[in-house]
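In what follows, a structure is listed as structure tokens, so that the remarks can point back to it.
In the text below, chain A, chain B and the rest are named by the order of the sequence lines, each starting its count at 1. Remember, it's a predicted structure, so these values are computed and weren't measured experimentally.
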Number of protein chains: 2
Amino acid sequence: MASIHDVARVAGVSISTVSYALSGKRSIAASTRARVLDAVESLGYRPNAGARMLAGTRTNIFALTAPFHADTYAPAHMAFVLAVAQAARAHDYDVLLLTQDEATNGLRRVASSRLVDGIIVLDVAGDDDRVAVIRELGVPSTFIGVPRDAAGLVCVDLDFEAAAALAVEKLAAAGHRSIGLIGHSPGVYARGSNFPPRFRDGFFAAAAARGIETAFAMPERDGPSARLALDALYRDCPDMTAVVLHAEETVQAAVLDVLRERGLRVPGDLSVLSACASFETDHFEPPLDTIPLVAADSCTRAVDLAIEQVGGPIEPRIELVPPRFYERGSIAPPRTRSSASPRP
Amino acid sequence: MASIHDVARVAGVSISTVSYALSGKRSIAASTRARVLDAVESLGYRPNAGARMLAGTRTNIFALTAPFHADTYAPAHMAFVLAVAQAARAHDYDVLLLTQDEATNGLRRVASSRLVDGIIVLDVAGDDDRVAVIRELGVPSTFIGVPRDAAGLVCVDLDFEAAAALAVEKLAAAGHRSIGLIGHSPGVYARGSNFPPRFRDGFFAAAAARGIETAFAMPERDGPSARLALDALYRDCPDMTAVVLHAEETVQAAVLDVLRERGLRVPGDLSVLSACASFETDHFEPPLDTIPLVAADSCTRAVDLAIEQVGGPIEPRIELVPPRFYERGSIAPPRTRSSASPRP
DNA sequence: CTGAAAGCGCTTACAG
DNA sequence: CTGAAAGCGCTTACAG
């Protein structure tokens, strides 16, 4: 394996010139640089990673702590892991994957051995063990999600309150005055991360501000629960003309199945808006208007902030990514009472 | 951050003694070792990763190349990634995650910069770009899955032929003489990896050897296709008394839904065996007997073989992991004709 | 059982 | 614009 000395010899320069020619950290005569690059090319030279880590100030590796729990939704988890890896590569960083077991010890290990320059924290729980460790280590870190106590931390997340408000706004603009919300399972609100309550509260606040009637249900992940949830919404809001789905893919699909079974057309009989989903909603029948949770948005920003921190400390913050709306045709003005088709 | 010199000073020994006390590579007086460990503890010393990589012979990092395609099934993908990470940690190895974009360039980069000691290859396609790169790099690598041309490679995979034979054997032992197979979508057999054909061929061979009648269907991933597939099996095998599900979770669930709708009980009216699933089958209603694809089995062995290769070249091989059978109560003897309930 | 020292392959002040 | 050299923090022969 060729070393920097080999390149220097072939190019007829010193090793410092080779280093600078490759890093661009000082100006090099064009002809010299060309000779160096030729030598690099012909020798197939790649700087040794260990030597760079030791001599330089950074390792160009981020740790990604992505614990996987029993109730982790794999496709969303995957999307975030991939988005982080991709964003990191755009800054010439590699990603070291840390998993469940060893969650906190792994962080200690890779940070204090200086194997990584920083840490990206995924699947942040309200009360997360990793918060204390990261505070203690004082290593550049970005949380994707917001722990209960975020003092001193750098966090990035979708603005769930704004997403909920946007959902209400879009439906209100179409004329809806009575909107149901199908959320996650009760367990998710009890423990879990804090985004489901943030969305729920944002929804109620935005609806209240417009004098819109609301109902709320928290089905489990199975089809029968989705069916019951819809019944509960219609019971609480007999005039409901729109529903917001802030739930997992299986539940969203199940709700559409139930509507189809009952002969309720979307958006003719009911407008439906999917909110904060990290999956595509245009495979549904019908495709759903959506305010998605875009993994790439949060992850790109999180990596940017980690890179900034590698350069030096930055102000702690909670940075909220603004939501976006995509129209797919599942929202229409509500039927007037007279023309409404009877509900089963 | 404490260095090995600090530890040596505090313990009153030389740095080589510290190094050997920690690595155990030469014998150290018990009292000396104790002083060293005390110093390490009190200073919170962790060897610098870059320095170890540069001075030592290995980096203790494996690259994990896990491309994610449009039709990747996230839960299975996730299970394999986690199983590799866990197996690696058991050998004190970390995992560097390489994703889709940059699949082959990433391998070149991390291998020739000596950032990793070896490569674990996931989601192996029949005709996989990474094969040529890895041959060229000559770096310790294990494939989880078997490419078409595996010459010179170390591969680990479930023994799909044996799994299919075991499925037939279990059903034959219960008295079944006519068995349907619901496989993956036609596209998967056309391109994709080679395990679906391996399972299919193993199934036909085992059935033929026992004079068992067979039928085969390849539904797409949606519910309606699953329904049609079942119809096709009954059309081809009117006396079918058992079905093997070698398909994704959604399809397996859909088949059970269809059976329930039609009033066909499992295993009373039809025995069902799930084969090579990387998800739990005991959440199904009813829970299914299963010959699972256990990610940990293949991944543990794959990592073991990678570790071996770091020590020096080993014989190329395709190592097939034997299947296991778990009973959940979804197989029973077939109804005799007279007592059979009529099919809808 | 232990130590002094070379060397891994870079980066980056220091010097000109 | 370029070079000679120190130094990053380890591991591991070499020596005793």
Of the listed nucleotides [options], the one nearest the side chain of [X]:
| X | options | answer |
| --- | --- | --- |
| A:Ile28 | D:dT2, D:dC1, D:dT12 | D:dT2 |
| A:Lys25 | D:dC1, C:dG9, C:dT12 | C:dT12 |
| B:Ala29 | D:dT12, C:dT12, C:dC1 | C:dC1 |
| A:Val13 | D:dG3, C:dA4, C:dC8 | D:dG3 |
| B:Ile15 | C:dG9, C:dA5, D:dA4 | C:dA5 |
| A:Thr32 | D:dT12, C:dT11, D:dT2 | D:dT2 |
| B:Thr17 | D:dG3, C:dT2, C:dG9 | C:dT2 |
| A:Ser3 | D:dG9, D:dC10, C:dC10 | C:dC10 |

Contacts under 3.5 Å, N or O only, protein and nucleotides 14-16 of chain D:
none

**Prompt:** Please, which pairs that meet ring pair (Phe, Tyr, Trp, His ring centres under 6.0 Å) have at least one residue in residues 130-160 of chain A, sequence neighbours excluded?
**Reply:** A:Phe160-A:Phe195
Could you pull out every donor-acceptor pair under 3.5 Å between side chains of residues 304-316 of chain B and any protein atom, sequence neighbours left out?
unit_1: B:Asp304; atom_1: OD1; unit_2: B:His91; atom_2: NE2; d: 2.8
unit_1: B:Gln309; atom_1: OE1; unit_2: B:Ser141; atom_2: N; d: 3.4
unit_1: B:Gln309; atom_1: NE2; unit_2: B:Ser141; atom_2: O; d: 3.0
unit_1: B:Gln309; atom_1: NE2; unit_2: B:Thr142; atom_2: OG1; d: 3.4
unit_1: B:Gln309; atom_1: NE2; unit_2: B:Leu305; atom_2: O; d: 3.2

**Prompt:** Can a side chain N or O of A:Ser14 be found less than 4.0 Å away from OP1 or OP2 on D:dA4?
**Reply:** no
**Message:** Taking only side-chain N and O atoms of B:Ser16, does any of them lie within less than 4.0 angstrom of OP1 or OP2 on C:dG3?
**Reply:**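 Checking C:dG3 against B:Ser16, no side-chain N or O comes under 4.0 Å of OP1 or OP2.
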**Message:** Please convert DNA chain C into dot-bracket. A pair counts if it is Watson-Crick or G-U wobble with both distances under 3.5 Å; crossing pairs go in [ ] and bases paired with another strand get |.
**Reply:** |||.||||||||.|||
**Message:** By the salt bridge (charged side-chain N to carboxylate O under 4.0 Å, His left out) test, which pairs, at least two apart or in different chains, include something from residues 9-31 of chain B?
**Reply:** B:Asp6-B:Arg9
**Asked** Taking A:Tyr45 as the fixed residue, which of A:Val10, A:Leu37, A:Ile4 is the one that meets the side-chain contact (heavy atoms from CB on, under 4.5 Å) rule?
**Response** A:Ile4
**Message:** Looking only at the side chains, is there a donor atom on one of B:Ser16 and B:Ser19 sitting less than 3.5 Å from an acceptor on the other?
**Reply:** no
**Request:** Pull out every residue in residues 35-52 of chain B that has a heavy atom closer than 4.0 Å to any atom of DNA chain C, ordered by number, or say none.
**Result:**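 Going residue by residue through residues 35-52 of chain B, none turns out to have a heavy atom under 4.0 Å of DNA chain C.
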**Prompt:** What distance do A:Leu54 atom CG and A:Thr59 atom OG1 have between them, rounded to the nearest 0.5 Å?
**Reply:** 12.0 Å
